[in-house]
2 protein chains.
Amino acid sequence: MSVLNITFCCTNTAPEPWLAGLHTTLPHAEVAVWQPGAAPADYAVVWQPPQQFFDEQPQLKGIFNIGAGVDALLKLRLPPQVVVVRLEDAGMAVQMAEYVCQAVIRHFRDLEAYAADIRAGHWTYHAPRQRSDFAVGVMGLGVLGARVAQALAHFEFPVNGWSRTPKALAGVRGFSGAAQLDDFLASSRVLVNLLPLTPDTTNILNRERLSRLQPGGYVINVARGAHLVDDDLLALLDNGHLAGATLDVFRTEPLPSGHPFWRHPKITLTPHTSARTLRETSIAQIVAKLMALQRGESVAGLVDVGRGY
Amino acid sequence: MSVLNITFCCTNTAPEPWLAGLHTTLPHAEVAVWQPGAAPADYAVVWQPPQQFFDEQPQLKGIFNIGAGVDALLKLRLPPQVVVVRLEDAGMAVQMAEYVCQAVIRHFRDLEAYAADIRAGHWTYHAPRQRSDFAVGVMGLGVLGARVAQALAHFEFPVNGWSRTPKALAGVRGFSGAAQLDDFLASSRVLVNLLPLTPDTTNILNRERLSRLQPGGYVINVARGAHLVDDDLLALLDNGHLAGATLDVFRTEPLPSGHPFWRHPKITLTPHTSARTLRETSIAQIVAKLMALQRGESVAGLVDVGRGY
């Protein structure tokens with residue numbers, strides 16, 4: 001039996017702890033950081049690899065993508081026979097639920113305004129908002145979107161969900177397809193974007209669509225920067241239709257200095273930190289899926305390359 | 001049949017919408033704001049009433065307290081036959097769950113540090129913390145504490161609970177009584193205080209007890225300011241044993257200007273806003289309980305005056 005060969009090609013990721021973890025879990029496999037000219041491998045663990053990587057590794061059987069989004073990966077020419085496997089959760093879903101819930105709660109409960117008052121030395125009162133007026137619409141009901149919707153329902157917000165094809169989730173009012181997008185938006189006060197980035201969803205959050213949100217609307221983008229038309233968001237914040245936004249993702253990351261998002265008083269920014277890949281959980285998933293593929297079994301999380309997610 | 005007479009005596013509360021709501025729900029009752037010398041009433045709706053109120057209304061059958069805590073009320077001399085009724089939830093439990101979860105999440109996810117970096121124009125990375133290292137201990141497992149524990153468990157934090165008498169809650173590691181308090185504290189990284197204020201719990205969060213929290217501990221006080229010894233918290237923040245605190249309640253409210261909590265870099269303050277009484281829900285509860293008392297039925301939420309909550 002030949003030795004299993006795994007190559008690791010992840011941009012902006014310290015390789016040592018990943019290699020150590022894979023070695024420990026798969027002691028009989030060869031695991032190494034990819035370098036140009038490296039030996040052919042059976043499987044690859046990747047994050048934003050260069051085209052050269054795939055050009056030199058046409059024999060790959062499987063690719064494990066350690067981030068939740070495969071949009072950057074699918075822009076490359078991949079070996080035709082390869083299967084692309086996404087980690088389904090790896091601790092990301094609960095992180096995303098945390099991030100989105102704290103953003104919704106801070107807006108709903110006026111906590112930014114209270115913090116500003118406290119900084120100014122003022123003990124103040126803001127009239128509580130009505131929960132029934134704060135329907136939250138979640139766009140994209142995959143593993144992350146479904147978990148976020150469930151967490152929002154736990155806090156008794158009215159929750160709307162929109163997805164390409166109909167999905168039934170407990171406690172979520174479902175909308176689907178292009179035909180129901182306007183109704184979904186008009187029924188929502190807060191919009192949470194968790195769509196995959198595909199040609200169909202690029203620039204989906206534009207002026208026309210964001211204008212359909214209820215007055216005083218709030219936008220939370222935790223998917224990809226290219227979903228959102230930056231200038232359209234700014235125009236709707238400045239004309240008062242939207243009350244604010246929490247943004248974790250941007251068309252260019254790091255967000256270029258001088259971009260108007262940096263200091264906009266109605267925008268809360270974080271540096272793409274809403275859901276981090278957690279190494280130990282990810283390694284356990286990669287190993288389990290890799291062994292299933294080796295046994296010829298099907299695995300969950302296979303990416304449909306044509307569909308784009 | 002004599003007309004039911006209800007008097008309203010609530011400090012810092014605009015009476016008009018409460019009176020309008022009670023009139024609408026109980027059209028045959030007389031409802032009025034109490035003034036010195038007012039006619040005797042059957043029931044009272046109160047928040048921080050003066051002693052004179054009870055001295056002039058010895059015939060009262062029942063008192064409805066519109067805040068969650070009855071500690072201030074029970075320091076007064078009450079008519080001996082009166083029943084004191086607390087509203088059990090009135091929308092407060094979900095608010096408390098929101099407030100506490102956002103405080104825990106902001107600390108766990110380093111969101112204050114990220115916000116400071118963004119204000120300085122820096123796109124940074126902080127290594128994620130381990131959820132398994134962030135056990136949250138909830139002191140007090142009444143309606144509010146139990147709801148908060150449930151919400152924290154929803155985000156997959158390890159949750160400990162401490163109460164005077166043993167209580168079994170799903171997903172919560174239970175501790176009870178004085179004998180298990182040290183174990184509870186030593187098992188917790190974050191402490192959430194939701195105890196009732198009684199002679200037994202006044203000053204319970206002192207230097208000795210807070211020192212037993214795990215290093216890097218974090219304190220969230222959403223019960224009463226008198227549970228916490230201010231100087232002991234400051235000493236443990238300044239010597240580094242505690243990483244920070246979120247405080248919504250204070251020994252004197254509004255918090256006096258010049259108090260060191262106002263500008264302490266490790267303390268997040270809010271002006272007693274963690275859970276507001278929601279008027280419509282409260283009025284519906286008051287009316288339902290009042291009518292049950294009139295029919296001679298038992299009602300939930302009766303305060304044990306001797307026990308203090």
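All heavy atoms count here, side chains included; hydrogens, waters and symmetry mates do not. Per chain, numbering begins at 1; letters A, B, ... match sequence-line order.
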(message) Please find the pair of heavy atoms, one from B:Thr124 and one from A:Pro271, that lie closest to each other, and give the distance.
(response)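 Shortest heavy-atom contact: O-CG, 3.3 Å.
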(message) Tell me the closest heavy-atom pair linking A:Phe155 and B:Arg147, and the distance in Å.
(response)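 Shortest heavy-atom separation between A:Phe155 and B:Arg147 comes out as CA-NH2, 4.3 Å.
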(request) Name the member of A:His272, A:Gln95, A:Gln102, A:His154 that forms the most heavy-atom pairs with chain B at distances under 4.5 Å. (result)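 Winner by heavy-atom pair count: A:His154.
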(message) Looking at chain B, which one of A:Leu255, A:Asp117, A:Thr270, A:Val104 has the largest number of heavy-atom pairs inside 4.5 Å, strictly under?
(response)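 Highest number of pairs under 4.5 Å: A:Leu255.
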(request) Identify which part of B:His122 has an atom lying under 4.5 Å from any heavy atom of chain A, answering side chain, backbone, both or neither. (result)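 Just the backbone, heavy atoms under 4.5 Å.
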(message) With a 4.5 angstrom heavy-atom cut-off, is it the side chain or the backbone of B:Ala275 that approaches chain A, or both, or neither?
(response)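 Just the backbone, heavy atoms under 4.5 Å.
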(request) Pick whichever of B:Arg119, B:Glu253, B:Gln130, B:His126 has the most heavy-atom pairs under 4.5 Å with chain A. (result)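 Among B:Arg119, B:Glu253, B:Gln130, B:His126, the one with the most close pairs to chain A is B:Glu253.
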(request) Name the option with the most non-hydrogen atom pairs under 4.5 Å to chain A; the candidates are B:Pro128, B:Ala151, B:Ala103. (result)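 Looking at each option in turn, the highest pair count goes to B:Ala151.
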(request) Using a heavy-atom cutoff of under 4.5 Å, enumerate the residues of residues 257-266 of chain A that contact chain B, numbered in order, or state 'none'. (result)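 Within residues 257-266 of chain A, the residues that come under 4.5 Å of chain B (heavy atoms only) are A:Trp262, A:Arg263.
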(message) Students often mix this up, so state it plainly: with edges at 30° and 60°, are the rings of B:Trp123 and A:Phe250 parallel, tilted or perpendicular?
(response)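 Aromatic pair B:Trp123/A:Phe250 classed perpendicular.
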(request) State, yes or no, whether a side-chain contact exists between A:Arg276 and B:Tyr125 at a heavy-atom distance under 4.5 Å. (result)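 With C-beta onward as the side chain, the pair touches.
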(message) For A:Glu98 and B:Arg131: C-alpha separation, side-chain torsions, deciding distance, then whether side chain to side chain contact (heavy atoms under 4.5 Å, CB included) applies.
(response) CA-CA 12 Å; A:Glu98 282 179 338; B:Arg131 197 174 301 271; 2.5 Å; yes
(message) Please output the residues of residues 105-114 of chain B in contact with chain A, using a heavy-atom cutoff of under 4.5 Å, in numerical order.
(response)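 Near chain A, by residue number: B:Ile105, B:Arg106, B:Phe108, B:Arg109, B:Leu111, B:Tyr114.
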